[in-house]
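Notes follow once the structure below has been shown.
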Protein chains: 2
Amino acid sequence: MAQRGRRGGGPTIYDVARAAGVAPSTVSRAFSRPGRVNAATAERVRRVADDLGYRANPLARALSTARSSLIALVVSDVANPFYSEIVRGAQAAATENGYTLLLADAQESGRVERGALERLLPAVDGFVLGGSRMSDSAIRVIAKQKPVVVLNRVVVDVPSVVPDNPGGIRRAVEHLSGLGHHQLTYLAGPEASWADGMRWRSLQDAAADLQLRCRRVGPATPDVPGGVRAAGELSGALPTAVVAFNDQLAIGLVRGLSARGVRVPRDVSVVGFDDIGAAALVTPALTTVAAPLHTEGATATRHLLAMVEGVQSRTGPPLVLPVRLVERGSTAQRRRNSTSPASGTTKVSPSARNASTSTDAGSR
Amino acid sequence: MAQRGRRGGGPTIYDVARAAGVAPSTVSRAFSRPGRVNAATAERVRRVADDLGYRANPLARALSTARSSLIALVVSDVANPFYSEIVRGAQAAATENGYTLLLADAQESGRVERGALERLLPAVDGFVLGGSRMSDSAIRVIAKQKPVVVLNRVVVDVPSVVPDNPGGIRRAVEHLSGLGHHQLTYLAGPEASWADGMRWRSLQDAAADLQLRCRRVGPATPDVPGGVRAAGELSGALPTAVVAFNDQLAIGLVRGLSARGVRVPRDVSVVGFDDIGAAALVTPALTTVAAPLHTEGATATRHLLAMVEGVQSRTGPPLVLPVRLVERGSTAQRRRNSTSPASGTTKVSPSARNASTSTDAGSR
DNA sequence: GGGCTGGCGGCAATCGGTTGCCAGCAGTTG
DNA sequence: CAACTGCTGGCAACCGATTGCCGCCAGCCC
């Protein structure tokens, strides 16, 4: 267990230099400036270094170059499966470029997040903020000091990467409309969430275009229990189709509904968002808008690295990543709602408006 | 976007020293050796530092103290939900002690893991190895250079933290035995897994004690698809009760079985291990041995920090953490197997047993 | 042969803290 | 009053790399 050497580390460039009979600067250059030293010398140095098991101390290097080759990915909750693939993507992009990814957990708290950021600030080359709980201005403060890319959110003047929320929602709405639903309920996530606002607005737009009506319930905490609770809220006036802010909420909703004897998708169709791993595992498997989680993480990271390496920091428009709808078992053809007698009403009764659109809906 | 100052960082102790009219060493001591400087001076320094927004550069500190206050948690796959709670626990224990947790992904490869370890070695104060894919001796090599704690595995001469595998398995076996099952099938995980060997051995022991017979199938890759495939393997000679190496495998098995028309728990009872979040979400909800994932992460981390701070590195026996059985919907009273005519072959005539306990089943 | 050029290696400063050692000073004691 | 002690603050040497600048030497040209 004895740590080798007086201090923590192994041999230094000084040890290598002595053993190779050269100056420390030569050793340094043999590694960092390949062409700068004579090939033969470099080779000898490298061999000696190898023998000694020399490994450059990244801390020392960071101190003099002001580059640590460390970047931090800050997520609102490490245990949230939503981040799993994002982390993987970021990890991959980081290592592929010779950087080490440091993962920090904000524990769903802006305060904690801020603390972590401050602590990390001098030690990393930049940040990817996934689902930040901080205010736009707080984010900009950080972005003034180190390169920052935000994920799943748009902050003015800070580069961001987001999934195509409007497109995804539209796809979901079209799908439900195609199944004969003409009223949609949106189960909202946290009010503070940028994505939630975006999705609700997109849902309204898409619904309007397709002449569907929509309402909104919530907000709910965006996890499974939150969805279960929401089932209670809904059971008063049962909708035929629900689009949930995210998959956890959708999964919880399905469970809550089932517990109340409501069958999914027979009585209610449910669509989630994100396509986390569990979405395919639950019963019925969840129809959901698949966000390219892995790609999001990788893209944001590559973007960050470009900022870290290039000096320029052009802040273009947000990078929007395409999504697709994954149709699984939680959505189905609308049946007349058990609560309403629902004889051949669709066209005529509630309003002329309904009538005019049901043909639309039917045609696709 | 302009990074303040010539270099990445903000003000240094030198700036603070000048502004406060003291020497840099005094500034340093005002922070790190509270009693060492006059209280009034310290206060003044601290105020000036505050005004300037001074923040100690952890890299510089690390360089001279050979302590980075960074510890790494290396997991075999960041996206594996098994690690979610472990990471959280570790994160909590680390921050609570003023350390920063760095999470590294081994991508299921001993080679990648080794690479990450080597790269991190000079930069961190120690490692927690969760589910290492490396050999015992490779781990010992690392442990010679920096403090290491291994999780879910026992390596001679290296401190380790493990769940009570034998206890958990015994609890599961007793549960199944109590439900009338008298033959158990163990669905094995990776052969290289220490935990897998442990669990299989424990199963044999427990089965022997309770006079049950047991067999083993697999190995399977310990994920959901692996479990689905295993269902095919099993369907030839359908068992009445299966204990899977972990929850993912169990979940996959249930899905695979269902796809083949086998009903769980009516035809086959399935027990998992770990109690990952998804275990409660699937249908039927999974009966499983709940490992104290959060506590494991926290305990291992605290253990590591003790090693980092205290000089001594006594390697006691592995730390074993208690587990408990969570009974959910995937296990039930044994019924006569549909493949066997099942007249009164076994001890009591299954029907009689069924009758006696079906009240039990009904009650939950 | 003198002067120039280019290649190569070394010196020493620097990054931002930490810390051993010393010096000044006040207060105490004999 | 001299000597001693304890409290404070400063000086300067690190930690382990990187890098600007300089000097040496060989080769080349005129």
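Below, chain A is the first sequence line, B the second, and so on; all start at residue 1.
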>> Out of the candidates Asn152(B), Ile139(B), Val75(B), Val158(B), only one should pair with Leu129(B) under the side chain to side chain contact (heavy atoms under 4.5 Å, CB included) rule; please name it.
In response: Ile139(B)
>> So, does Thr26(A) get its side chain near the phosphate of dG10(C), meaning an N or O under 4.0 Å from OP1 or OP2?
In response: yes
>> Need one value for Ala23(B): base, sugar-phosphate or nothing, where a base atom within 4.0 Å counts as base even if backbone is also close, heavy atoms only.
In response: sugar-phosphate
>> Using a 4.0 Å heavy-atom cut-off, does Ser28(A) contact any base of the nucleic acid, only the sugar-phosphate backbone, or nothing at all?
In response: base
> Given atom CG of Asn38(A) and atom P of dG7(C), what is their separation to the nearest angstrom?
Replying inline: 12 Å
> With sequence neighbours left out, what residues match Arg33(B) under side-chain contact (heavy atoms from CB on, under 4.5 Å)?
Replying inline: Arg29(B), Arg36(B)
Name the atoms and distances for all side-chain donor-acceptor pairs under 3.5 Å in residues 16-24 of chain A, with sequence neighbours left out.
unit_1: Arg18(A); atom_1: NH2; unit_2: Asp15(A); atom_2: OD1; d: 3.3

>> Nearest to the side chain of Ala60(B), heavy atoms from C-beta on, is which of dG16(D), dT19(C), dG16(C)?
In response: dG16(C)
Atom pairs and distances, donor-acceptor, side-chain atoms in residues 114-122 of chain A, under 3.5 Å, two or more places apart:
unit_1: Glu118(A); atom_1: OE1; unit_2: Arg55(B); atom_2: NH2; d: 3.0
unit_1: Arg119(A); atom_1: NH1; unit_2: Thr100(B); atom_2: OG1; d: 2.6

> Taking for each residue the nucleotide of DNA chain D with the nearest heavy atom, is it Phe31(A) or Arg36(A) whose nucleotide lies nearer the 5' end?
Replying inline: Phe31(A)
> Considering the terminal five base pairs at each end of the helix from dG1(C)-dC30(D) to dG30(C)-dC1(D), what angle separates the two local helix axes, rounded to 10°?
Replying inline: 60°
> Roughly, in whole Å, what's the span from CZ in Arg44(A) to C1' in dC8(C)?
Replying inline: 12 Å
>> Could you tell me how far apart Glu43(B) (CD) and dT8(D) (P) are, to the nearest whole angstrom?
In response: 15 Å
> Whole-Å distance between dC15(C) C1' and Asn57(B) CG?
Replying inline: 9 Å
> Is Thr12(B) touching bases, backbone alone, or none of the nucleic acid, heavy atoms closer than 4.0 Å?
Replying inline: sugar-phosphate
> Taking only side-chain nitrogens and oxygens of Thr41(B), does any of them come within less than 4.0 Å of OP1 or OP2 of dG9(D)?
Replying inline: yes
> Considering only heavy atoms and no angle criterion, is a donor-acceptor pair shorter than 3.5 Å present between the side chain of Arg61(B) and the base of dG16(C)?
Replying inline: no
>> Using a 4.0 Å cut-off on heavy atoms, which residues in residues 116-123 of chain A reach DNA chain C? List them by number, or say none.
In response: none
> Which distance, rounded to the nearest 0.5 Å, do you find between the CG of Asp77(B) and the CD of Gln91(A)?
Replying inline: 10.0 Å
> For the side chain of Arg29(B) and the base of dG10(D), is some donor closer than 3.5 Å to an acceptor across the two?
Replying inline: yes
> Within a strict 4.5 Å, meaning less than it, do heavy atoms of the Arg140(A) and Val148(A) side chains meet?
Replying inline: no
>> Expressed as a whole number of angstroms, how long is the span from Tyr14(B):OH to dG16(C):P?
In response: 9 Å
>> Any heavy-atom pair between the side chains of Glu309(B) and Tyr99(B) that's under 4.5 Å?
In response: yes
> Taking the side chain as C-beta and beyond, is there a heavy-atom pair between Arg67(A) and Val308(A) under 4.5 Å?
Replying inline: yes
> How would you list all residue pairs meeting ring-ring contact (aromatic ring centres under 6.0 Å, His included) that involve residues 46-91 of chain B, not counting sequence neighbours?
Replying inline: Phe31(B)-Tyr54(B)
>> Classify Val27(B) by what it touches in the nucleic acid, base, sugar-phosphate, or nothing, heavy-atom distance under 4.0 Å.
In response: nothing
> How close or far is atom P of dG10(C) from atom CZ of Arg18(A), stated in whole angstroms?
Replying inline: 14 Å
> When the distance from CZ of Arg67(A) to P of dA17(D) is rounded to whole Å, what number comes out?
Replying inline: 19 Å
> Nearest to the side chain of Leu63(B), which nucleotide is it out of dG17(C), dG10(D), dG16(D)?
Replying inline: dG16(D)
>> Need one value for Arg33(B): base, sugar-phosphate or nothing, where a base atom within 4.0 Å counts as base even if backbone is also close, heavy atoms only.
In response: sugar-phosphate
> What nucleic acid atoms does Tyr54(B) come within less than 4.0 Å of, heavy atoms only: base, sugar-phosphate, or nothing?
Replying inline: sugar-phosphate
>> Between Ile71(A) and Val124(A), is there a side-chain heavy-atom distance shorter than 4.5 Å?
In response: no
